[in-house]
Structure formats: structure tokens, C-alpha cells
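Predicted model only: the values in this text are computed from it and were never measured. Throughout, numbering of the chain's residues begins at 1 and tracks the sequence.
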Amino acid sequence: MACYYLEKEFKTKAVSPADEDDCITTRRNSEENATHTNGMGQPSQDHQSEGVPAKTAATDNNQSQSATTMDNQAQQQPTESLSNTKLCGYLLKQGGPLKSWKWRWFTYEEKKSQLFYYRTAQDVTSLGRIELCSATFGYPLHGEQGTFHIQTPERTFVLKADNQEAMMYWLQQLQLKRLQHREQLTGESTRHCTDHQRPEGQGELPTRPDDFLPTVKTPPGLLGEEAANLPAPQQRAPLSNFSLKHPLIEIQNSVHSLFYKRSSQELSRSVFHLEAPPPWTPLNPSKTPYQTAQDRLDPRTPVDPPTPTAPLLLVDPAGERSPGEGRSFPCPSPRIRRKTRASSATMPAALREAASDKTTRLQQEKHMLAEEVKAQKELVWLLHKALEAAQLEKRTCTEFLAAECEQERLELLRHRERQAADLQGRLEELKAEAEGLRASLAQRDAHVAELQENITLMMAKNHSKQEVILKLSEQVAACMADPRRTMSTTNGLEALTFHQLQEDTENLKVGLWLDDIEAYKIQNKFLNSEIYQLTKLWRNSSEQEKSLMVKCAYLEARNCQIESRYLGVLRKLQESNALEPGQREAVRNLIEDALKGDLNDVLELNPVREHDEYGFKIIPDYEVEDMKLLAKIQALEIRSHNLLRQEAGVRPLLDRWAQYLGGRPADDLCPSPELKFLLRCGVPREYRPRVWRWVVRARTRSLRERHPDRYEQLCQKSLTSPHQASRQIQLDLHRTLTTNQRFSSPSSPTLQQLQRILLAFSWQNPTIGYCQGLNRLAAIALLVLESEEDAFWCLVAVVETIMPQDYYTKTLIASQVDQRVLKDFMAEKMPRLTAHFEEHSVDVSLITFSWFLVVFVESLPSDILLRVWDAFLYEGTKVIFRYALALFKYKEEDILNIHDNVEIYQYLRFFTKTISDGRKLTNIAFSDMNPFPMKLLKNRRALHLERLQGELRELEVQQREFVTESAERKDKDLDTILVSEDDEDL
């Protein structure tokens, strides 16, 4: 019966308005669990969704929440468990116009790799953040202890830890967080891609260096989540904690802190509120509640009086009200307190003393009430435990009486006895374990005491050394000030003492130097680790960027190919005669839409350039209106080829040329099969001037040795004695490479250099003087060699040593011979195409004559043209024949599909500019055209030269006969006219 009334009274008292408030708070927390909370349960503001993370903090109010509320929050709101290694803590931050130090709470946010700093650990809104993705870390060697820097692209943050160990911990943790964030961004797939793209022979950096600083463990103090529960460090000045740059944030944090304290569960709980008792779980599941109650009530096993799990804080130094005063004595608002404080300043002294006495008396009463409340809480706790024991005893008795027979009751008792024996054995084991722990604790205490004694001895020894140093310093200063006094003293050991002092001073200096060296070593190790991490991050970023560039180039090239094919289909449909008028109109509209689009309208990896490095226009212009679609197709093909050629062909070729020319002097190249193969593949732009100079000097060495200052002399001669070809040279200057940027302006200095080169050559070779076409040869040499004298000797080498004699004379007899030789080779290599030309009466020499005369200048795209010249300067005119045949072979099928004489000529006039795949053309020239012996070329030239000379002699005879017949015919006509005139007179 007593148990019934006690239980009823306990239930009546347990349900109080405070519990109702707890329930309301629990429901409110459940409803607001969707909002973002910081790591310790403190809600964050709406502005934190814009990038300011929730901060790890803890307050005393959150520590006093009930277990039921925490269970509900844990069920409704999944939170990530914070590890002990979460990076947060207090640091001194230097800021403001006065560069003063202020304590700030720093916490690291992993998603964006940002370090946020707050005024205190309980604030919600941050004062700022530090981006760690692109930050570097360091610390000054001779600065204040614990000072380190975080340098970002925007500014440099100067921070200071409590000691050197804490500083190294922060630096290492920040490095680790930065590396982890970068690895998360990179991802496994990208890392695999970058590893696949890594060049051979380039090893990867080790994952973790072994020769850097050892990992610093978490030092105690103002670090970690435990530091959030500690009071904030005291500022050096009263108002130094207030941030002038963030007044609104300061006000917001203050208002939130005040509101949060008022809405805390501590203020709304009743005096007799207790923590929810944990669920009953017996130590041994096989033991009955009856024996458990007997064990608790057994006088031989004393029971320690329980203590409250979380005693409430009744006295708040910040002016908060105690739980007992929550309903009767509300805390005055800040406005009332300010009014009271303002009025107290004008009170008389007696009233102030009476008020202070009253305040003291109220404080004493408050302490008494607090003690009484504490005693009442302990009483309620004891009653609660007694009630629990009575309930357990009642349930045990009920089970015992519910048994049907005596046998079941005996079995139940034996079962409980066995459980009691098991519990007794476990108790003995726990006692033995406790004794072992006590012994271990005693040993550790002894070790700690020994370490403290050693520390005391070391401090005493250090103190004595400092005293000795001070005395020695004073003696040294005295000796240095008055050495005579030292020598004149009665003691005979003064000189020896002086030398000993000097030795001690030197030893002290050496010791200081050794300390500085050790500090420099530590700093060097840290900087090495920083450089290592930054190098690794840079290498990963560059490899990732390279892989993305290759992928984008490939996709862009594929897009250009598909668009080119689409435009080719439209072009074929436009030329088809089987379309109806409506279909023709649709095709015409599609073509107009395609021509309106520009390659530069799309955001591309490598924007399309109009001119290359030498100034040549990459995409040609067509004057004929019908050729605009063809120009667009060609532009797309050139774009696609250039994108695919960047990684596939240019890079390996550049590496091979670098390996071949590495370590060789500029004039130390010698003819070899390897050099011949490399020249056929093409010379990279970086090495082309050097290779061309060597080839030209090799072909003109004897002439340059006889006349070392030949070019300067010829330039002076052209100034003093104008050549008869100077007028023709002046006219052809402005017709030279009109699409090239460097020759497009009439006032271009390149045109003046070209004029001087041509005038000098006209005096160098009076037999030729000047021939149309030489201006283009000299212009190409000038663009590549970028030197007037080198370009002049290149022109001399081409005209006088590479080309046959009489190639540029007035008769151009050697040029005509090469055209006949070319027709013979075409008949042998491409008989179908030769028959097609003969069928439609097409003379290819009308097209190919200019190819040979100027070596394909203004006939091929610039990149293919320069590749032809690379091999031409080294191998000679045979290269011209190879490429001429390769051009017809490249477009043989397209030419065979044209069956009109005019269309064939029109196509042959511009088809060379539509070739974009230089590698394919080179392969045809040097592989498909084989065999092509030089001896056969010389024999064919000699044969056709003899025939051509015979034809020229016959032509001269016919010309003389014609002239004679014409003169005789004119005389006869004159006699006839005179006779007729006489007849008329008669």
C-alpha cells in the first residue's frame, strides 16, 4: 500500500509544467530538425545556407537537455558522428588597423575546404572564412612563438597558436585537409585517366614522404571539440573581442545568444525535474527480478547512494535566473537592468548601501534555497530508487507465486542461485581488474612524480646556468670596458680567467648557432612538405587538364568532321539534277543557314585563327560565289585535322627533333638517313631556322668563303648603281604573298627587306637578273630565316645550286623540260588520270608550271608548303616531282568524276588548297610514288632537253623563213600599190 501511494506521489510530481515545456521543446526540435544545425546541436541561421557552415560548439544549456529529447532527435534527425580529429579550436588572429591580436574560434568545413572563424564557440554567424583550396602555409623563423601564415590569392592571414606544438599541429592538419579535399575533387576515374596519360619514364611522387616532419598528436588546450565547452580566452583589451568590420554579425550573435539562453530547457524545468531513468537491464538475463532485488536489499552488500546524473546549475554568474526562481522571480530584461543601473548612479550613498545589503541578503537566501532544492532532489532520487526496487521485488514475487507446482519454484530458485554465482564470479573478476588498474595508476603516478622531479631539476639547472651566464656576461663586459684593471689585480689568474670567459662566450655563441641551425632544419622540413604537396597538387591538376584538353580536342574534331560531311552531302545534293524544285529550295536554304554560321561563334578549346605563325592565312578565300560552300567544308577539315594532329603527330615529332639536335652545335649537322627521314616528316617551327641555315650554308659554303661580305657589297652596289630590273622588282613587290600579314601593308618593313634581297641577287647573277617568281622564293626564305643575309643566300642556293641551269632565264627552257618529264611520270604512275586528261584535252602543264617555278608557293597550305620546302632544300628538285604526282594521286578519284573540260581546269586551279592532311600527302609522295631514282630523272631531263632544243632550233628556222617571206610579201605589195597609182594617174 505504501508502495502504491509512493508511486502515485512520484508520478504526480514527475509530471510538472516543466515537463510539459520539455515535451513542447522536443516537438519543436522534431519539427525543426530539417534546419541545419552545427556539430553540437546549436541551430544555425538562414544565411548559413549561402556557404557558411554550421560551427562545432557546445553550451551548458545543451548539456542539460533530457535523455528523452536527445533520443527523439537521434531518431528523427540522422547526424554524422564527429570524430575526435575534427579540426577546430581557438587561435589568435591578427587584424584591424592596429594589427592587434584577437581570440577567434576556428573550425574547418570539409565540403568546400574552408576555415571559418567566429568570435566565440557559441556564435552562429561567422566573421569570415579562409579558402584553403589554393592556399599555402608557412611560418616565420624569428617571429613570435606559435605564429604562422595562411596565404591565399586574395590576402595573407596571420594566426598564432598557444605554443609551437599547437602551431605544427594546425599546419599539418591544414595540409592534410587540403590534400584530402583535392583528392576528393579529382576522383578515382580522373586519377586513372591521368595515370594513363602519364608519359613513360616519369614516375609518380610517393604518396607520403618519409623524410619530412613526424605527425604531431593533438595537443591539449584550446583545440578540439572539448575546447568548445571551455570558456573563451580572455582578451587583452576589454573591447578587443568586438569586431568593427562586422557590427551586424556581432549584434546578430548577441541577440541569438540571449534568445537561446531564454528558450533553454534549463529555465523551463521544475525544481523536482529528474532525468528519465534508464531502462532496467539485469546483469544476467537468466536471473529473476526477485534475486536481483534480494541482492540489492542484502545488508552484506552495501549500496552506494546514487548521485544525480546532471545536477542543475542554480547560480549563474551571467545573471540568469535559477530553476527554482523560474516562475516567481523572473529575471529583468536588459532594458530594465540598464534603467536600474542608470538610476543607481544618481542614488544617495545610504540608499545604495541599503540596496547592496538587500542584494547580499537576497543572495544568501538564494544560496539557502538552492541548497534546500538540492537536498529535495536527492530525497526524490532516493525515493525513486526505492520505488524501483519495490517494483522489481513485486514483479519477482508475482513470478514466484505464479508457478504451478513446487518443482517449478525450486527450479526457479536454483536458476536464480546460479545467476547469483555467476554474478559473484564476475564481481571477483572486476575486482581483480580494478586492482590491476589501481596498480597501473600507481605506477603511472610514480612515473609522473619522477618526471616532475626531473623537470624541477632541469629548471633548477637551467636557472643556475642562466645565473652563471649573467655573471660571465657582466665579467666580460667589465673586462672589455677596463682591461688594464683586470691585468693589474692582485690575483694572478685574471688573464687566464679572461681567456676562459672568451671561450665560454664562443661556446655560448656556438650553442645559439646550433639552436638556430636546428630551427632552420625544422622549418626546412616543413617547407619541403609544403612544396611536395603543392607539386603533387599541381601535377595532378596539369595532368587532369591535359587529359581534358585531349578529350575536348578529339570531340571538337569529330564535330568538325560530322559537319564537314553534312556540308558535303548538301553540296552533292545541290549539284544533283534529280531533285524537284521544292527540294532544291530546301537544300538551298540549308546551305544558306550553314554558311551563316561561323566557326568562331562556338566556344572552342582552341579558337580558330585566321593566320598561322608565319602570317599565312589558314582558311583561303574564294572569289567565286559558288565556292563558298567548298571553303566552309575546307575550313572544317583543316580545323579537324589540326586538332587531331596536335597530340598524334606534333608532340612525338618535336621530341624526336629535340633528341636529335640535343647537344649538337648549330653547324655540326651532317647528312644521314636519320636526318633525311626527319626532314621528310617536317621540321618543327622551333628548329626550322636552324636546320635551314645549315642546309643553305652547306650548299653555298665555297661561294661564301670566297666572298664573306658579299651581301653587304651587293646592297651598296644596288644603292649606287640602279639595276635595269629594279622597276620590275618594284612592281612585283606588292604582288608578293598578298594574303600574308607581313606583306599586306605597303609600308611593311618586310617588303623593304625583300626589295634589298632581290636587288642584291640581280647584281649577284647578271645572267638571270630578275625573273617573276624569285620574289616568292625570297619571301618564303625571309619569313622562316628572319634575316636578310640568310634569305639572300637561301635564294642563291635555290636558283644556282638546287635548280637546273637555265631554269629562270628568259627562255625558261629547263622549266619546260621538267613539265615534259612530269607528264612521262604521270603516264607511268597514274595511267587512268593521264588518259582522262587526254580524253578531255587538258594540258596539266598550264597548272603545274607555276608549281615548279616557285616550288608550290601560294599553291599549298602553309604547313604543307613548309614541309615540302624542308625536304626540297635537302634533297633537291626530285621532291617537287614527288609532291606534284602525290597531289594528283590524292585527288585522283575526284578528278576522274569530272567530265567537263572547263570544270576540270576550274577544279585544278584551286584543288591543292583544299588538301588538309599533310601526313597522308607525304606518305603518298615518299611511299606510293616509289621507285623514283635520281638517275632516271636526270636521263629523262637530258632526253627532253635535247628534244626541246631541237624543236627550238626548228622553230627559229621557221621564224627566220617567216620573217623573210613577210619582207618579200611586203615589197611585192608595195610594187603593186605603186603600179595601180600610176594607172590611176594615166
Side-chain angles (χ1 to χ4, degrees), residues 612-616 642 645-646 648-705 708 711 737 740 742 750 753-754 757 776-803 854-857 860-883 886 918-919 921-923 925-926 934:
D612 62 3
E613 296 84 355
Y614 297 101
F616 289 102
N642 292 337
R645 187 170 61 97
Q646 287 178 355
V650 176
R651 181 64 59 184
L653 182 63
L654 184 62
D655 295 339
R656 292 196 61 178
W657 272 103
Q659 183 180 2
Y660 179 79
L661 297 176
R664 295 175 181 264
D667 297 333
D668 195 24
L669 299 178
C670 58
S672 64
E674 183 181 4
L675 179 61
K676 182 179 180 181
F677 173 77
L678 290 176
L679 286 170
R680 287 183 174 183
C681 294
V683 184
R685 183 179 181 274
E686 294 83 352
Y687 305 114
R688 182 170 281 128
R690 176 182 173 182
V691 176
W692 280 29
R693 287 191 186 96
W694 174 80
V695 175
V696 170
R697 288 176 183 176
R699 290 187 177 276
T700 59
R701 182 175 288 109
S702 59
L703 183 60
R704 297 180 75 169
E705 289 177 353
Y711 180 69
L737 305 182
N740 192 286
R742 302 183 186 180
T750 311
Q753 295 176 351
L754 179 62
I757 293 171
R776 300 177 185 178
L777 298 177
I780 292 296
L782 185 59
L783 289 175
V784 175
L785 297 174
E786 299 180 352
S787 171
E788 288 186 35
E789 186 174 0
D790 291 337
F792 166 77
W793 287 113
C794 182
L795 181 61
V796 172
V798 171
V799 176
E800 297 183 2
T801 63
I802 298 178
M803 290 297 191
V854 296
V855 195
F856 298 104
V857 177
L860 289 174
S862 59
D863 56 337
I864 302 177
L865 172 67
L866 295 175
R867 183 181 296 182
V868 172
W869 272 67
D870 293 337
F872 162 72
L873 292 176
Y874 183 79
E875 299 185 46
T877 55
K878 183 173 66 172
V879 174
I880 304 179
F881 285 95
R882 283 183 176 273
Y883 274 100
R919 297 180 64 184
L921 182 66
T922 303
N923 188 35
F926 294 103
M934 189 65 183

Heavy-atom distance under 4.5 Å between the side chains of [X] and [Y], does that happen here?
{"X": "Y614", "Y": "R685", "value": "yes"}
{"X": "V855", "Y": "T877", "value": "no"}
{"X": "V857", "Y": "L737", "value": "yes"}

**Q.** ring pair (Phe, Tyr, Trp, His ring centres under 6.0 Å) partners for W692, two or more places apart
**A.**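 Only W869 meet the ring pair (Phe, Tyr, Trp, His ring centres under 6.0 Å) criterion with W692.
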Q: Check side chain to side chain donor-acceptor pair (under 3.5 Å) between T750 and all other residues, then give those that pass, not counting sequence neighbours.
A: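 Not a single residue meets the side chain to side chain donor-acceptor pair (under 3.5 Å) criterion with T750.
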(Q) List the residues meeting side chain to side chain donor-acceptor pair (under 3.5 Å) with R680, not counting sequence neighbours, and say none if there are none. (A)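 If we apply the side chain to side chain donor-acceptor pair (under 3.5 Å) test to R680, skipping adjacent residues, the hits are E875.
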Q | Steps toward side-chain contact (heavy atoms from CB on, under 4.5 Å) verdict (V796, R704) | A | CA-CA 11 Å; V796 172; R704 297 180 75 169; over 6 Å; no
Q: Just jot down the salt bridge (charged side-chain N to carboxylate O under 4.0 Å, His left out) partners of R688, sequence neighbours excluded, or say none.
A: D870
Q. Closest heavy-atom contact between L653 and G682?
A. CD2-O, 3.4 Å
Q: Quick one: closest heavy-atom pair of K676 and Y874, and the distance?
A: CB-CE2, 3.9 Å
Q: Kindly assign one of parallel, tilted or perpendicular to the pair F856 and Y883, based on the angle between their ring planes and the thresholds 30° and 60°.
A: perpendicular
Side-chain donor-acceptor contacts of residues 777-792 below 3.5 Å, not counting sequence neighbours, with atom names and distances?
from, atom 1, to, atom 2, distance (Å)
E788, OE1, Y711, OH, 2.7
E788, OE1, R756, NE, 3.1
E788, OE2, R756, NE, 3.4
E788, OE2, R756, NH2, 2.5
D790, OD2, R693, NE, 2.9

According to side chain to side chain contact (heavy atoms under 4.5 Å, CB included), who are the partners of [X], at least two apart in sequence or on a separate chain?
{"X": "S672", "answer": "Y660, E674, L675"}
{"X": "E705", "answer": "R701"}
{"X": "R699", "answer": "V695, A797, T801, I802"}
{"X": "F677", "answer": "R656, C681"}

Q: Supply the atom-to-atom distance R697 CZ to L669 CG, rounded to the nearest 0.5 angstrom.
A: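 R697 atom CZ to L669 atom CG measures 11.0 Å (nearest 0.5 Å).
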